[in-house]
There are 2 protein chains.
Amino acid sequence: MQTLRRPKLRDQAAEQIKRYIVSNRLGPGDRLPTETQLAESLGVSRLSVREATKALEFLGIVESKTGVGLSVGRIDMERVTEHLGFHTGLLDVDPQQLIDSRVILETGVLPQVARNMARDPAIATELRALAERFRVARDLKSWIELDIRFHRTLLEASGLQPLVAFGDLLHLFFQRFRESVKRAEWQVGIESHRRLVEWLAAGRVADASRELRQHIESHKERLP
Amino acid sequence: MQTLRRPKLRDQAAEQIKRYIVSNRLGPGDRLPTETQLAESLGVSRLSVREATKALEFLGIVESKTGVGLSVGRIDMERVTEHLGFHTGLLDVDPQQLIDSRVILETGVLPQVARNMARDPAIATELRALAERFRVARDLKSWIELDIRFHRTLLEASGLQPLVAFGDLLHLFFQRFRESVKRAEWQVGIESHRRLVEWLAAGRVADASRELRQHIESHKERLP
DNA sequence: CCGGTCTGATTGTCTGATAAATTACCAGCC
DNA sequence: GGCTGGTAATTTATCAGACAATCAGACCGG
């Protein structure tokens, strides 16, 4: 049986507003009618319009400024991951798949990274500096923080913003079992990061790939 | 200069509610306090709480049922992409980066796909069938639909759900210049898809990679 | 031309009320 | 006992009206 449900006014309102945007071919920054006008033309109270616009605002689809009005917003992936981020642990993704995804993502960018490195020495410098700092990491927390930072920098070095955003998302889900890193394993990690940078700096992408894959896949051993 | 802004009550409320969820380790389906209780404990009116929860509901973070109350929702990427989908064309992601990201993502899964293919012949069958259907695509719309379906199936064949979701997201942003595919280019695309499947079925991942990379990067020629 | 002020428009927030949906409970019947 | 039906309580959904906060632009004096 199909559970039938009266569609909520605010959802309809949101739908109409979205339709209004596309059918009028509005782009970021373009003005929308005021709340009162929207309420009138949609035949609902201002409150319902309000709940709709506030929800859309959360997604970045519209912007509202006090004393000014509504306008079409500028959406980006980071905004989405920001709101979704906290949801870690609610979303049950298979850890195995998470690891495999990371391997593909991060080894995938290595050729690109190596190319950029050859052009801009600053990249290698930054990664080396990060790799060095692993030595002085005292507690697990700062070690993990560094690790995240290192891998993010690696992705950034590819210059591909969408992949960075996706990497952030994966990391959030990853944290769950990240904390199970044993102290003994730090040492391995430290060396691994260093070697990775050197392979890349030398332009030996295949070796870097192998190194990185092993590094990430080492998490698999800690899975239940 | 930092533009200072009075934080809006509903945003703070939303933040608090999110914090409540994590700090109490609530999972999907768990109950939340009623709107009235939330309003009291947060020291704001019920309206502000309402706008916050409605926004969170849009994102799928909470669920509300009339006569029952609020509960933690089950978030998934599809829900987000659904709302974001209409926004196509508003986004300003560098198209070049979009293409490069796709190349990395899709070529990255090929080894995995080839492995799964060797184990399960049904995968090759499905991809072949899709590749064949390109021949009979009459108009641009159905051609694009097929193309999306093909690439999605390819990602699915890797068995890595996070990458499928990410692929969907990329495709949304992609559609903008997808429509500029010229009729003459269909033919190339048709053959390209077919060859890709055959390389994969033969386990020749490197050749498949090259094929796919060319296929996707052909979009670059149409960039401004 | 410049700076300050005033004003109208618009969103932000509150209060209080009613409608609709769901659940819990209880009486009554077989 | 177990089931049925109805009723009350709880909770969200929606409305109306009001006032405060904020901002853009007009207006004005120097």
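These values consider heavy atoms only, across backbone and side chains, with no hydrogens, waters or symmetry-generated copies. Lettering follows sequence order; numbering is per chain, from 1.
Rounded to an integer number of Å, the gap from A:Arg10 CZ to D:dC15 C1' is 14 Å. Across the protein-nucleic acid pair, A:Glu40 atom CD and C:dT10 atom P stand 12 Å apart, rounded to whole Å. To the nearest angstrom, P of C:dG12 lies 13 Å from CZ of A:Phe58. Atom NZ in B:Lys54 sits about 8 Å away from atom C1' in D:dA13, given to the nearest Å.
Applying the side chain to side chain donor-acceptor pair (under 3.5 Å) rule to A:Glu106 yields the partners A:Arg102, A:His151; only residues at least two apart in sequence or on another chain are considered. Partners of B:Arg128 by salt bridge (charged side-chain N to carboxylate O under 4.0 Å, His left out), not counting sequence neighbours, listed by chain and number: B:Glu198. For A:Arg135, the side-chain contact (heavy atoms from CB on, under 4.5 Å) partners at least two apart in sequence or on another chain are A:Glu132, A:Ile190, A:Glu191, A:Arg194.
The closest donor-acceptor contact from the side chain of B:Asn24 to the backbone of B:Leu26 lies at 3.5 Å or more, if one exists at all. Using modelled atom types, one side-chain atom of B:Gln97 and one backbone atom of A:Gly159 make a donor-acceptor pair closer than 3.5 Å. Not one N or O on the side chain of A:Glu57 forms a donor-acceptor pair closer than 3.5 Å with the backbone of A:Glu63.
Listed by first and then second residue, the salt bridge (charged side-chain N to carboxylate O under 4.0 Å, His left out) pairs involving residues 157-167 of chain A amount to none (not counting sequence neighbours).
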Check the interface with nucleotides 8-11 of chain D: list each N/O to N/O pair with the protein under 3.5 Å, or write none.
{"residue": "D:dT11", "atom": "O2", "partner": "B:Gly67", "partner atom": "N", "Å": "3.3"}

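Of the residues in residues 42-50 of chain B, those lying under 4.0 Å from DNA chain D by heavy-atom distance are B:Arg46, B:Arg50.
Scanning both residues, A:Leu110 and A:Leu154, for their nearest heavy atoms gives CD2-CD2, 4.2 Å.
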